[in-house]
There are 2 protein chains.
Amino acid sequence: MSQWMSPDERQPTQVAQIRQSLQEQIRAGLLRPGMRLPSERALSERFATTRITLKEALAVLETEGQIYREERRGWFVAPPRLIYDPRTKSHFQAMVESQGRAATTRVLQAGPVVANAELCQRMGLAPLSPLLKICRVRSLDSRDVLYVEHYLLPERFPGLLEMDLTCSLTRLYAERYGIGYGQSTFDILPTAAHGAVARALGLPQGAPLLQICRLNLDGQGRLIDCDMEYWRQDAVVIRIQSDPLP
Amino acid sequence: MSQWMSPDERQPTQVAQIRQSLQEQIRAGLLRPGMRLPSERALSERFATTRITLKEALAVLETEGQIYREERRGWFVAPPRLIYDPRTKSHFQAMVESQGRAATTRVLQAGPVVANAELCQRMGLAPLSPLLKICRVRSLDSRDVLYVEHYLLPERFPGLLEMDLTCSLTRLYAERYGIGYGQSTFDILPTAAHGAVARALGLPQGAPLLQICRLNLDGQGRLIDCDMEYWRQDAVVIRIQSDPLP
DNA sequence: AAGTGGTCTAGACCACGCG
DNA sequence: GCGTGGTCTAGACCACTTC
């Protein structure tokens, strides 16, 4: 019945030892959240190894979300994760502040676009449908952690582009258009940073990300919008409390 | 208002080109789900580069979940993802079969343990509390994709270890102990493979994983168990449909 | 026995950040 | 202009899988 657990733990690799060593320093508080690590060259000397091997250890810690990088600026110790329940629609600012932290929002782009194939499929649209696209970056304690693309049906939101898009879109929907949320669907999956997302969050190409695609319907079951969220994966933990499904 | 999108797309790196090339072959169906890729050495020759660079491209595709590896066996094209709503408590087999796929379960270990610090905290237990630990590996179409550790309160489940633990624990709870689920809490976060998890799923140390920690209460709000799930991150997409929270 | 991925070495050049 | 991370080269040995 009970099976033994691999009797011979093989000796740890250099990568594992370096990872372990850095993790210990972080846990002990010697390397504090937000602090920059020494340069890769300095670390590789200190651990008597090459940069490649050292980078491999950093990559594992990055995958675990214990450290993060800013492109060409260096490696930093990850602050505590934001607790995020995707069902509490947006009010990003309120959610962040209720956890004792500071939020800001920056609009990168806002304008009409033509839906691409993936969006048409997700939103159930006719090919080449027009949409409004709003790109925003949101920060947690002055650190950019979230890049969001909102895709809205233009006919439901006339004049939206002239409004202040740095605040909650949920509030704009409700107060200016009388549109409230009903059922929503979320897809959560890890992915890698590319193009616009990588640039917006200051990540190198290929860095790990947590993607959340939300499809929002109104009280009558009609489509409101589709949001593509890309989180720095060290910055967040998805926490969902639920009663069981029927 | 609208900001231009980085006017000069810098020329793609070798890593990006290799990634692009492999992705295209996969999308076109020339490399089919489950197929093994050529060896790293063969690929690095074909792309006229070194193994390190080639491996970097494979690592990005792995992060995206387009390919996966089996330790020392090679790289494979990822099959379609299982759609998983963590709120539909277990019945792993039923969930898998309803999506037209095949499930199996293997018990690695089952026995009493002493709760570690993390578990005491998550479950709100006194230090050194006794628990029952059940380790299982679950496969999708003959591929091991999920490693689960269940931690149960021993006083609620006398004699459990003598039962057939390859089938649904949910069913055992209900049929043999009259215990059903009430509220549950899920934490979802990407992490890296280590030790027992890596061995159980045949992953190299440091490979990306999706961790889901579930804390299950019964109808009276009393703790039932805590499950630590570790998914191959290419094998699953978390999909949650929900009405908005009050 | 041959071939594979896992691990590691010892460099190099470049674009960019920062002072 | 210096140091940084980002990218890349050209090898090597070992443990393990597969034949």
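Not measured: the values here are computed from a predicted model. Below, read A as the first sequence line, B as the second, and so on, with proteins coming before strands; counting in each chain starts at 1.
Residue Glu62(B) contributes atom CD, which lies 13 Å from atom P of dG5(C) at whole-angstrom precision. Straight-line distance from the CD1 atom of Ile52(A) to the C1' atom of dA12(C): 11 Å, rounded to whole Å. Taking atom OH of residue Tyr68(A) and atom C1' of nucleotide dG5(D), one finds them 16 Å apart after rounding to whole Å. Going from atom CD of Glu56(A) over to atom P of dA10(C) covers 18 Å, rounded to whole Å. Separating the CD atom of Glu70(B) from the C1' atom of dT4(C) is a distance of 13 Å, rounded to the nearest angstrom. For the pair Leu54(A) CG and dT7(D) C1', the computed distance is 16 Å after rounding to whole Å. Between the CD atom of Glu71(A) and the P atom of dC16(C) there is a distance of 9 Å, given to the nearest Å. Atoms CG (Leu58(A)) and C1' (dT4(D)) sit 14 Å apart, rounded to a whole Å.
Judged by distance alone, with hydrogens and angles left aside, Arg72(B) brings no side-chain donor or acceptor close enough to the base of dG3(C) to form a pair under 3.5 Å. Contact of Arg41(A) with dG5(D) (side chain to base): a donor-acceptor pair of N or O atoms is detected under 3.5 Å.
Arg36(B) has no side-chain polar atom (N or O) that falls below the 4.0 Å cut-off from OP1 or OP2 of dG3(C). Between Lys55(B) and dT7(C) there is no side-chain polar atom (N or O) within less than 4.0 angstrom of OP1 or OP2. Between Thr49(B) and the phosphate of dT9(D), there is a side-chain N or O to OP1/OP2 separation shorter than 4.0 Å. Within the 4.0 Å cut-off from OP1 or OP2 of dT9(D), at least one side-chain nitrogen or oxygen of Thr53(B) is found. Gln14(B) has a side-chain polar atom (N or O) that falls below the 4.0 Å cut-off from OP1 or OP2 of dT9(D).
Shortest non-hydrogen contact noted between Tyr151(A) and Met123(A) is O-CE, 3.7 Å.
With contacts defined as side-chain heavy-atom distances shorter than 4.5 Å, the pair Gln233(A)/Glu62(A) does not qualify. Leu169(A) is listed as a side-chain neighbour of His150(A), based on a closest heavy-atom distance under 4.5 Å. Residues His194(B) and Glu64(A) form a side-chain contact, since some pair of their non-hydrogen atoms from C-beta on lies under 4.5 Å apart. With contacts defined as side-chain heavy-atom distances shorter than 4.5 Å, the pair Leu146(A)/Arg232(A) does not qualify. A 4.5 Å side-chain heavy-atom check between Tyr84(A) and Met95(A) finds at least one atom pair inside the cut-off.
Heavy atoms from other residues, nucleotides or ligands lying under 6.0 Å from CD of Gln99(B) number more than 12.
A cation-pi arrangement is found for Arg143(B) relative to Tyr68(B), the charged atom lying closer than 6.0 Å to the ring centre and inside a 45° cone about the ring normal.
Between the two ends of the helix from dA1(C)-dT18(D) to dC18(C)-dG1(D), each summarised by a five-pair axis, the helix axis turns through 10° (rounded to 10 degrees).
The residue Arg73(A) sits close only to the backbone: its heavy atoms come under 4.0 Å of sugar-phosphate atoms, none of a base. The residue Ser39(A) sits close only to the backbone: its heavy atoms come under 4.0 Å of sugar-phosphate atoms, none of a base. Heavy atoms of Thr13(B) sit under 4.0 angstrom from primed sugar atoms or phosphate atoms, though from no base atom. As judged by a 4.0 angstrom heavy-atom cut-off over every strand, Arg69(A) is placed among residues touching the sugar-phosphate backbone only.
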